[in-house]
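Since the model is a prediction, treat every value here as computed from it, not as a measurement. Below, each value reflects all heavy atoms present in this structure, side chains not excepted, and no hydrogens, waters or symmetry copies. Below, chains carry the letters A, B, ... as their sequence lines are ordered, and counting in each starts from 1.
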Amino acid sequence: MSDKFTIKLNDLNLKQIADSGQIFRMNEEEEGLYRVWFREYTTLVEEKDGSFVFHCGEEEFNKVWYDYFDLGLDYAKVKALVDVEDEYLKTAIKHGYGIRILRQDLWEIIISFIVSQNNNIPRIKNSIAKLCALTKDGSFPSATVLSQVSVEELHSYGLGYRDEYIHRLALKTVKGEFVPESLIGLSYEEAKKALMAEHGIGKKVADCICVFGLHHLDAFPIDTHVKQILAAHYKDGFPFHRYEGYAAIMQQYMFYHDLLNSKKAAKTSPQKVKKTKSK
DNA sequence: CAACAGGCGGGAC
DNA sequence: GTCCCGCCTGTT
């Protein structure tokens with residue numbers, strides 16, 4: 001119960017991952033203490049004196065969290081692929097050195113990224129928290145649970161027009177007409193195509209599901225931010241060939257860096273404080 | 001007030 | 001196939 005397991009790990013930063021946009025409910029419960037979830041498992045993790053403390057036994061760490069944090073992949077090796085003259089990516093990696101692509105639960109990722117479309121992070125997090133409140137233990141609701149929730153109730157979770165997409169896919173899944181597990185053995189292209197056949201899943205969301213739900217690191221989701229980054233820093237095209245098999249990781253460094261920049265920009269140029277008219 | 005947010009579906013062409 | 005529009009809703 002009060003088991004703890006401490007291990008030294010490289011290329012890992014919990015805050016960076018929590019803020020990287022690949023996960024919407026890795027919350028910081030106390031200073032430096034993050035909660036992560038995988039299916040029926042949940043644990044707290046913290047960084048302490050250069051090591052990571054998992055609030056679970058070594059057995060659970062080996063069984064669940066080792067893979068969840070993608071610890072089998074050497075991210076230093078991936079970073080080493082970067083062109084020494086690519087100042088943008090070098091800076092991005094400097095700021096997001098501890099980002100890893102988590103191996104999250106596929107169903108949770110499918111629903112979460114449907115929620116994420118044309119949406120902002122605080123609202124996405126709020127909606128997903130409400131979905132998770134449907135279960136007793138706070139785990140992510142299964143297709144069965146979701147299928148029993150009315151569209152009206154889903155709408156009340158702030159899901160907007162995405163309510164129907166979720167309801168529809170949950171029903172289809174319960175009926176066996178959509179089988180998430182069947183995507184697992186497919187190639188990236190096949191999986192993307194199968195995902196895009198579902199209502200509410202387009203190109204971008206399918207790519208995100210491929211990366212974060214199926215760990216296809218050769219995918220490269222292009223959202224409005226990444227599109228702008230490419231236009232600003234890679235006018236002659238992004239060197240995908242250089243990062244074969246790992247483009248998704250580069251995308252994460254870029255995306256995270258852009259988020260940091262926009263946050264900083266919002267801070268340095270705060271919204272004008274309107275002088276309140278004296279009444 | 002309009003524009004935008006980690007887009008998508010549907011229709012026009 | 002590409003282009004364009006409307007869409008839930010909170011924030012800037």
Side-chain angles (χ1 to χ4, degrees), chain A residues 16-26 92 95-96 99 101-102 104 108-131 149-170 172 178 189 192-214 216-217 219-234 238 247-277:
Chain A
Q16 288 170 13
I17 291 176
D19 293 343
S20 67
Q22 63 177 296
I23 184 164
F24 303 105
R25 60 181 192 126
M26 180 171 169
H95 293 146
I99 293 174
I101 296 185
L102 304 178
Q104 301 183 71
E108 175 170 347
I109 287 295
I110 290 172
I111 299 302
S112 297
F113 279 89
I114 288 176
V115 174
S116 81
Q117 68 182 253
N118 195 20
N119 209 341
N120 58 67
I121 292 176
R123 190 175 159 209
I124 297 165
K125 285 185 172 176
N126 179 51
S127 291
I128 289 176
K130 287 186 171 154
L131 289 176
V149 179
S150 68
V151 178
E152 291 72 27
E153 183 163 353
L154 288 174
H155 193 90
S156 76
Y157 299 164
L159 291 167
Y161 60 83
R162 307 156 196 84
D163 54 3
E164 283 191 57
Y165 299 160
I166 292 167
H167 185 73
R168 212 160 143 171
L169 191 59
K172 215 175 154 180
F178 176 68
E189 288 79 9
K192 182 173 177 178
K193 192 177 166 191
L195 283 162
M196 285 178 66
E198 299 306 320
H199 202 249
I201 300 179
K203 197 174 167 184
K204 192 270 176 180
V205 171
D207 267 336
C208 285
I209 295 169
C210 283
V211 175
F212 305 121
L214 294 163
H216 282 302
L217 301 186
F220 191 84
I222 298 180
D223 54 60
T224 161
H225 291 276
V226 173
K227 195 173 172 184
Q228 285 175 32
I229 293 167
L230 293 180
H233 301 279
Y234 299 93
F238 188 73
I249 297 176
M250 299 305 155
Q251 190 268 11
Q252 276 287 280
Y253 293 138
M254 291 159 71
F255 183 81
Y256 177 77
H257 185 227
D258 193 67
L259 269 189
L260 279 189
N261 277 344
S262 47
K263 208 182 271 182
K264 210 186 294 172
K267 216 174 177 181
T268 48
S269 66
Q271 76 182 71
K272 286 178 197 167
V273 190
K274 275 188 220 160
K275 283 178 192 164
T276 46
K277 292 176 197 163

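Under a 3.5 Å cut-off, the side chain of A/Ser262 and the backbone N or O of A/Leu259 do form a donor-acceptor pair.
Rounded to whole Å, atom P of B/dG10 lies 10 Å from atom CD of A/Glu164. Summarising the geometry, the separation between CD1 on A/Ile110 and P on B/dG7 is reported as 19 Å, rounded to the nearest angstrom. Taking atom CG on A/Asn126 and atom P on C/dG10, their separation rounds to 9 Å, with Å as the unit. In this structure, A/Ile222 atom CD1 and B/dC8 atom C1' are separated by 17 Å, rounded to whole Å. In this entry the distance linking CZ of A/Phe24 with C1' of B/dA5 reads 12 Å, nearest Å. Whole-Å rounding puts the A/Ile121 CD1 to C/dT12 P distance at 13 Å. The distance from atom NZ of A/Lys204 to atom P of B/dG9 is 13 Å, rounded to the nearest whole Å. Note: CG (A/Leu259) to C1' (B/dA5) measures 11 Å, nearest angstrom.
A gap of 23 Å separates the C1' atoms of C/dG10 and B/dG9, to the nearest Å. As rounded to the nearest Å, B/dA5 and C/dT2 have C1' atoms that lie 24 Å from one another.
Taking 4.5 Å as the limit, every side-chain heavy atom of A/Thr224 sits out of range of all side-chain heavy atoms of A/Lys227. A/Asp223 places a side-chain heavy atom less than 4.5 Å from the side chain of A/Gln251.
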Please determine whether side chain to side chain contact (heavy atoms under 4.5 Å, CB included) holds for the pair A/Asp207 and A/Phe220, giving the CA-CA distance in whole Å, both sets of side-chain angles, and the decisive distance to 0.1 Å. CA-CA 7 Å; A/Asp207 267 336; A/Phe220 191 84; over 6 Å; no

Is there a salt bridge (Lys or Arg N to Asp or Glu O under 4.0 Å) between A/Arg25 and A/Glu108 once you walk through the steps? CA-CA 11 Å; A/Arg25 60 181 192 126; A/Glu108 175 170 347; 3.0 Å; yes

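Residues A/His199 and A/Gln22 both approach DNA chain B. Their nearest nucleotides, taken by heavy-atom distance, put A/Gln22 toward the 5′ side.
A close approach under 4.0 Å does not occur between any side-chain nitrogen or oxygen of A/His225 and OP1 or OP2 of B/dC4.
As judged by a 4.0 angstrom heavy-atom cut-off over every strand, A/Ser20 is placed among the base-contacting residues. Residue contacts shown for A/Ile201 are limited to sugar-phosphate atoms, with no base heavy atom under 4.0 Å away.
C/dC8 makes up no base pair with any nucleotide shown, lacking Watson-Crick or G-U wobble contacts both under 3.5 Å.
A/Gln252 and A/Tyr256 share no side-chain donor-acceptor pair at under 3.5 Å.
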One character per nucleotide, please: for nucleotides 4-9 of chain C, 5' to 3', B when the base has a protein heavy atom closer than 4.0 Å, S when only the sugar-phosphate does, - otherwise. ---BBB

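A/Glu198 and A/Lys172 are joined by a salt bridge, as a carboxylate oxygen and a charged side-chain nitrogen come within less than 4.0 angstrom of each other.
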